[in-house]
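So the structure is just underneath, and the comments pick up after that.
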Amino acid sequence: MSLTLASNPPLRLHWHWAWLTPLVLFMAVMAGTSIGETSIPMDTIFKVLANQLWGAGYAVDRIDAGIVWNYRLSRAILAGCCGAGLALAGVVLQALLRNPLADPFLMGISAGASTGAVAVTIAGLGAGAVTLSLGAFAGAGLAFGLVVLLAHAAGSGTGGGRGTQAAGAIILAGIAGSQLFNALTAFIIARSASAEQARGIMFWLMGNLSGVRWDDVRLGLPAAFAGLLVCLWHRRALDAFTFGADSAASLGIPVRRVRGMLIASMALVTAVMVSMVGAIGFVGLVIPHAMRFIVGSRHTRLVPASALAGAVFLIGADIISRIIVPGQVLPIGVVTALVGAPAFAVILIRGSRVR
Amino acid sequence: MRLSADHIDWTVHGHRLLDGVSLAVEPGETFGLIGPNGSGKTTLLRVLAGLRKPKRGRVLIDDHPMYAMPQRDIARTIAFVEQQAETLDRIVVREAVALGRTPFLTALQPWSEHDDAIVSRALHDVGMAHLAERLWHTLSGGERQRVHIARALAQQPRILLLDEPTNHLDIRHQLSILQLVRQLPVTVVIALHDLNQAMGCDRIGVMDGGRLVDLGEPEQVLSAERLYRTFGVQVDFLVDPADRRPVMRFRNAL
Ligand SMILES: Nc1ncnc2c1ncn2[C@@H]1O[C@H](COP(=O)(O)OP(=O)(O)O)[C@@H](O)[C@H]1O
Ligand SMILES: [Mg+2]
């Protein structure tokens, strides 16, 4: 019998596609910068970029230049970072916990972030010295820490701490932690928020990119890249979890250490993103599944594909959130859900036919 | 390589699932593990594979205690075929087998032709080469089992642990897998529930209630008395006219 030797080696990065990545990202960011309430032509954008980056000195309308550089460009780049970061967190959690419903907010991060945000803005914690972002980040960290402690306590009682029970314990602890922090948020809002404040918080929770400046990009871009590098570095470990944690261990993965490190770093990436732009749902759940249908479930390809798709998806969602209702900006989370849910349905149906 | 267990205890929730198990499997030997359901075969194999840390006692690979070895070094030496391991991932057979190369690859070391050749060889050895591009969830139980075995072979282990590997296989593949395993120049520990198949091992150990109650060559261990005491069945020994070797036939104990 002939051995089908390497006709289609399944585990290589297809580098001849890699050049598309910067191109697609660049086009998405350009679209995000150009499209909006006032649309700005491409040549203006390029001139502003040239002026800012190497002082080309083109004559550009001051207002246009301000919109491009100070608002839209930073916003589009951060949207891309958030999309990539959240999608990667989803890939990792789904792979490690062997649960298709796992998403970046599973570990109580969005619930904790919202508690932190309302504690700062409504309950007045920190007496004005603490920003909303910092409060949200602290809340996310606190919630994550609590969930980890709970998962640890629940997982260590079941004997096989690294086995499937541990994954189950993490998911249950995440649910418990999220419920607790959601209740705290509701409590604070009910106690002391005005209707106006409550609406503001709602808006923030559904994701809001309108306040984004370059400072945020300086945090979000390294976070997204660090997340991508961590995932790529551990791509084979993520693959090794295909048949569960025990199988990963028998393939030489130090399961506890690798799983702990990956979950913690993805939690950090998620917390950074959420503290800047709120808890944008759907990206982390849907993008990884969509990409599995397209590039397969091996992480050598799934990781870069999900990061790219997450970035493009969120930049697109941000554009839609700005233009769909004239004169009004929708929370981006609404758009990700409205666009994402039907898209996901189509992928599921077509995917089942391909089988 | 020599694999030995030294007075191993393993407990969970106060239940002692392994109780002072000691054995030594010599290099190249095929060691059969038999015992009724729930007697601790799977638990013992997991401890031997380094997936569970014994509460007392230790496992040695040659003379190295396993607890001092990094997980990756263990995986380069020992491959373990679990009784059942499933996935919902959409992966093809070849990708599942390729996982066996994990302990030999690092983040910076790319997949090579050499790895491809090993994977193809492993697929061929278990008779799955023609299904290399099939999706996992379209395989039958026996085909999945053979893929798991191929994955273990792709690890090129010097010690191979198999937990009831013939369970879902048709008779032809049962025989060919057993023959393959016996021919491999590696140390093998194999849990079996077909006692006639266990006859083909070099030595066998009998587990009962978490203890290793007997250990030796198949003809000595598989006595009528042992089978009555451990499995609660009557046995008659017939003689295979082809090779004059004993064949067991079982009846309910009176
Ligand atoms: N994690 C666990 N918690 C409690 N009991 C267990 C656990 N794992 C195995 N057991 C029990 O230990 C006994 C031995 O199991 P096992 O080693 O799988 O037996 P075998 O493979 O010989 O059928 C069984 O009674 C089983 O129910
Ligand atoms: Mg068993």
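Only this structure's heavy atoms are used, side chains among them; waters, hydrogens and symmetry mates stay out. Residue numbers start from 1 in every chain, and the chains themselves are labelled A, B, ... in the order their sequence lines are given, proteins ahead of strands. Keep in mind that what you see is a predicted model, and the values were worked out from it rather than measured.
Residue contact with chain A, scored on non-hydrogen atoms closer than 4.5 Å, involves the side chain of B:Gln155 exclusively. For a residue to count as touching a neighbouring chain, one of its non-hydrogen atoms must lie under 4.5 Å from one of that chain's; by this rule B:Arg46 touches chain A with the side chain only. Using a 4.5 Å cut-off between heavy atoms, B:Ile78 touches chain A through its backbone atoms (N, CA, C, O) alone.
Shown are B:Gln71, B:Arg151, B:Arg72; of these, the side-chain contact (heavy atoms from CB on, under 4.5 Å) with A:Leu251 is made only by B:Arg151.
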Practice problem: List the steps, then state whether side chain to side chain contact (heavy atoms under 4.5 Å, CB included) holds for A:Arg298 with B:Val92. | Solution: CA-CA 10 Å; A:Arg298 299 297 82 185; B:Val92 299; over 6 Å; no
Quiz prompt | side chain to side chain contact (heavy atoms under 4.5 Å, CB included) between B:Thr102 and A:Ile253, intermediate numbers included | solution = CA-CA 9 Å; B:Thr102 306; A:Ile253 308 298; 4.0 Å; yes
Practice problem: Determine, step by step, whether B:Ile91 and A:Phe243 satisfy the side chain to side chain contact (heavy atoms under 4.5 Å, CB included) criterion, reporting the C-alpha distance in whole Å, the side-chain angles of both residues, the deciding distance to 0.1 Å, and the verdict. | Solution: CA-CA 11 Å; B:Ile91 57 168; A:Phe243 290 100; 4.2 Å; yes
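Between the B:Glu82 side chain and the A:Asp246 main chain, no donor and acceptor come within less than 3.5 Å of each other. Of the possible polar contacts, none joining the A:Arg236 side chain to the B:Ala107 backbone as a donor-acceptor pair under 3.5 Å is found.
With rounding to the nearest 0.5 angstrom, the NE2 atom of A:His299 is 7.0 Å from the CG atom of B:Asp89. If you take CZ on A:Arg98 and CG on B:Leu88, they are separated by 7.5 Å, rounding to the nearest 0.5 Å. Rounded to the nearest 0.5 Å, atoms CG (A:Asp239) and CZ (B:Arg101) are 15.0 Å apart. Here the straight-line distance linking atom CG of A:Leu232 with atom CG of B:Leu108 works out to 11.0 Å at 0.5 Å rounding. Atom CZ of residue A:Phe241 and atom CG of residue B:Leu99 lie 12.0 Å apart, to the nearest 0.5 angstrom.
Open room surrounds CD on B:Gln84; 12 or fewer heavy atoms of other groups in view lie less than 6.0 Å from it. In the displayed structure, B:Arg56 atom CZ is contacted under 6.0 Å by at most 12 heavy atoms of other residues, nucleotides or ligands. Within 6.0 Å of the CZ atom in B:Phe104, the count of heavy atoms belonging to other residues, nucleotides or ligands exceeds 12. B:Arg134 CZ: more than 12 foreign heavy atoms inside a 6.0 Å radius. Atom CG of B:Asp63 sits in a sparse spot, with 12 or fewer heavy atoms from other residues, nucleotides or ligands closer than 6.0 Å.
Taking A:Ser297, A:Ala95, A:Gly296, A:Ser247 one by one and counting their heavy-atom pairs under 4.5 Å with chain B, the maximum is reached by A:Ser297.
Looking at every heavy atom in both residues, B:Ala75 comes nearest to A:Ser250 through CB-O, 3.5 Å.
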